[in-house]
Amino acid sequence: MKFLPIIQRFFYFGIVGVAGFLVDWASLSLFRHAVGLRIAALLAYVVASSNNWILNRYWTFRDCCRQRHKVHHQWGRFILANLPGFIINRGIVLALFNLWPLTRHYTVIALVFGTAGGMFINFTLCHHFVFHKKKSLT
């Protein structure tokens, strides 16, 4: 079962994604009345992404890199690696806010579509560029 470890890791990544989705939704709900819906959507993504980085670091990819990578470097790589997923995710969310007025009231609908849209690219980039084992130089 050559692919079992990657399937298991993707499953864990998905569970972390569900937790991140809940943080995203809660943050958006909290921020929207203070800063408006679109700015709140951007702020909520940063909060949820930071949450996901912590959970992925200590659970999904726990065997890969915790001792070898400086925390702030890895968090920065995580944010940069997730930039394509961010563009897809929040692009879908903001487009739905503009095109489907129902999603402005029921933001969870837009967030589900956005999360699904960015998930696979985020996993791929995290697996290869953020949470990877450093190669020894010997």
Side-chain angles (χ1 to χ4, degrees):
M1 295 300 291
K2 178 181 171 183
F3 296 106
L4 189 58
I6 193 93
I7 292 168
Q8 180 181 16
R9 198 173 305 267
F10 183 75
F11 178 73
Y12 290 170
F13 190 83
I15 291 172
V16 167
V18 169
F21 172 82
L22 295 173
V23 169
D24 194 13
W25 186 21
S27 299
L28 176 62
S29 299
L30 181 69
F31 297 145
R32 76 180 289 178
H33 298 292
V35 297
L37 187 58
R38 286 162 182 78
I39 298 298
L42 300 175
L43 291 173
Y45 186 89
V46 174
V47 172
S49 290
S50 296
N51 171 76
N52 286 5
W53 167 72
I54 291 167
L55 293 176
N56 279 314
R57 176 178 169 85
Y58 290 99
W59 187 48
T60 308
F61 297 97
R62 68 185 167 274
D63 61 322
C64 294
C65 56
R66 271 202 326 253
Q67 288 75 28
R68 292 186 172 171
H69 297 286
K70 292 181 180 177
V71 172
H72 62 284
H73 289 157
Q74 188 180 63
W75 182 82
R77 276 197 322 272
F78 183 81
I79 295 299
L80 287 174
N82 283 285
L83 191 56
F86 165 77
I87 292 168
I88 292 167
N89 181 318
R90 289 302 118 142
I92 291 170
V93 168
L94 295 174
L96 286 173
F97 287 165
N98 287 327
L99 299 172
W100 192 11
L102 180 71
T103 62
R104 286 182 232 143
H105 184 67
Y106 298 102
T107 57
V108 68
I109 297 168
L111 293 175
V112 165
F113 283 102
T115 300
M119 184 172 86
F120 292 101
I121 193 162
N122 283 349
F123 176 76
T124 301
L125 293 173
C126 283
H127 178 71
H128 291 292
F129 300 111
V130 179
F131 300 108
H132 62 284
K133 292 182 181 181
K134 285 187 175 182
K135 295 180 178 136
S136 63
L137 299 174
T138 59

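- Within the structure, the ring pair (Phe, Tyr, Trp, His ring centres under 6.0 Å) test picks out no pair touching residues 100-119 (sequence neighbours left out).
- Between the side chain of Ser27 and the backbone N or O of Val47, no donor-acceptor pair lies under 3.5 Å.
- Within the 4.5 Å cutoff, the side chain of Tyr45 has no heavy atoms near those of the Leu111 side chain.
- Of the residues listed (Val93, Leu94, Ile92), the one engaging Leu96 in a side-chain contact (heavy atoms from CB on, under 4.5 Å) is Ile92, and it is the only one.
- For residues 111-120, no pair satisfies salt bridge (charged side-chain N to carboxylate O under 4.0 Å, His left out), with sequence neighbours left out.
- Closest approach of Val130 and Ala81 over heavy atoms only: CG2-CB, 3.5 Å.
- Phe21 and Val46 fall into different hydrophobic clusters, where Ile, Leu, Val, Met, Phe, Trp and Tyr residues are linked whenever their side-chain heavy atoms come under 4.5 Å apart, directly or through other members.
- For Asn56, the side chain to side chain contact (heavy atoms under 4.5 Å, CB included) partners two or more places apart in sequence, or in a different chain, are Phe13, Val16, Asn52, Thr60, Phe61, Phe78, Phe131.
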What pairs of donor and acceptor atoms, side-chain ones from residues 31-39 against any protein atom, are under 3.5 angstrom apart with sequence neighbours left out?
{"from": "Arg32", "atom 1": "NH1", "to": "Arg104", "atom 2": "O", "distance (Å)": "3.3"}
{"from": "Arg32", "atom 1": "NH2", "to": "Arg104", "atom 2": "O", "distance (Å)": "2.8"}
{"from": "Arg38", "atom 1": "NH2", "to": "Asn98", "atom 2": "OD1", "distance (Å)": "2.6"}

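- Between Ile79 and Ser49, the shortest heavy-atom distance links the atoms CD1-CB, 4.1 Å.
- Using a 4.5 Å heavy-atom threshold, the side chains of Ile7 and Phe10 count as separate.
- The closest side-chain heavy-atom distance from Trp75 to Arg57 is not below 4.5 Å.
- Taking Ile, Leu, Val, Met, Phe, Trp and Tyr as members and joining any whose side-chain heavy atoms lie under 4.5 Å apart, directly or through other members, Leu99 forms no hydrophobic cluster with any other residue.
- Leu28 and Leu22 end up in the same hydrophobic cluster when Ile, Leu, Val, Met, Phe, Trp and Tyr side chains are linked at under 4.5 Å.
- Hydrophobic clustering (ILVMFWY, side-chain heavy atoms < 4.5 Å, transitive): Ile54 and Val71 are in one cluster.
- Judged as a salt bridge (charged side-chain N to carboxylate O under 4.0 Å, His left out), not a single pair has a partner in residues 106-121 (not counting sequence neighbours).
- Here the closest heavy-atom approach between residue Ala48 and residue Val23 is recorded as CA-CG1, 3.8 Å.
- Considering only residues two or more places apart in sequence or on other chains, Tyr12 meets the ring pair (Phe, Tyr, Trp, His ring centres under 6.0 Å) condition with Trp59.
- Residues Leu55 and Phe11 share a hydrophobic cluster, clusters being chains of Ile/Leu/Val/Met/Phe/Trp/Tyr side chains in contact below 4.5 Å.
- Nearest heavy atom pair, residue Ala110 against residue Thr103, reads CB-CB, 4.0 Å.
- With sequence neighbours excluded, no residue forms a side chain to side chain donor-acceptor pair (under 3.5 Å) with Trp25.
- With sequence neighbours excluded, the residues that form a side chain to side chain contact (heavy atoms under 4.5 Å, CB included) with Ile87 are Leu83.
- Residue pairs meeting the salt bridge (charged side-chain N to carboxylate O under 4.0 Å, His left out) criterion with at least one partner in residues 84-96, sequence neighbours excluded, are Asp24-Arg90.
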Ignoring hydrogens and angles, write down the donor-acceptor pairs under 3.5 Å from the side chains of residues 116-125, residues two or more places apart or on other chains.
{"from": "Asn122", "atom 1": "ND2", "to": "Asn82", "atom 2": "OD1", "distance (Å)": "3.2"}
{"from": "Asn122", "atom 1": "ND2", "to": "Gly118", "atom 2": "O", "distance (Å)": "3.4"}
{"from": "Thr124", "atom 1": "OG1", "to": "Phe120", "atom 2": "O", "distance (Å)": "3.0"}

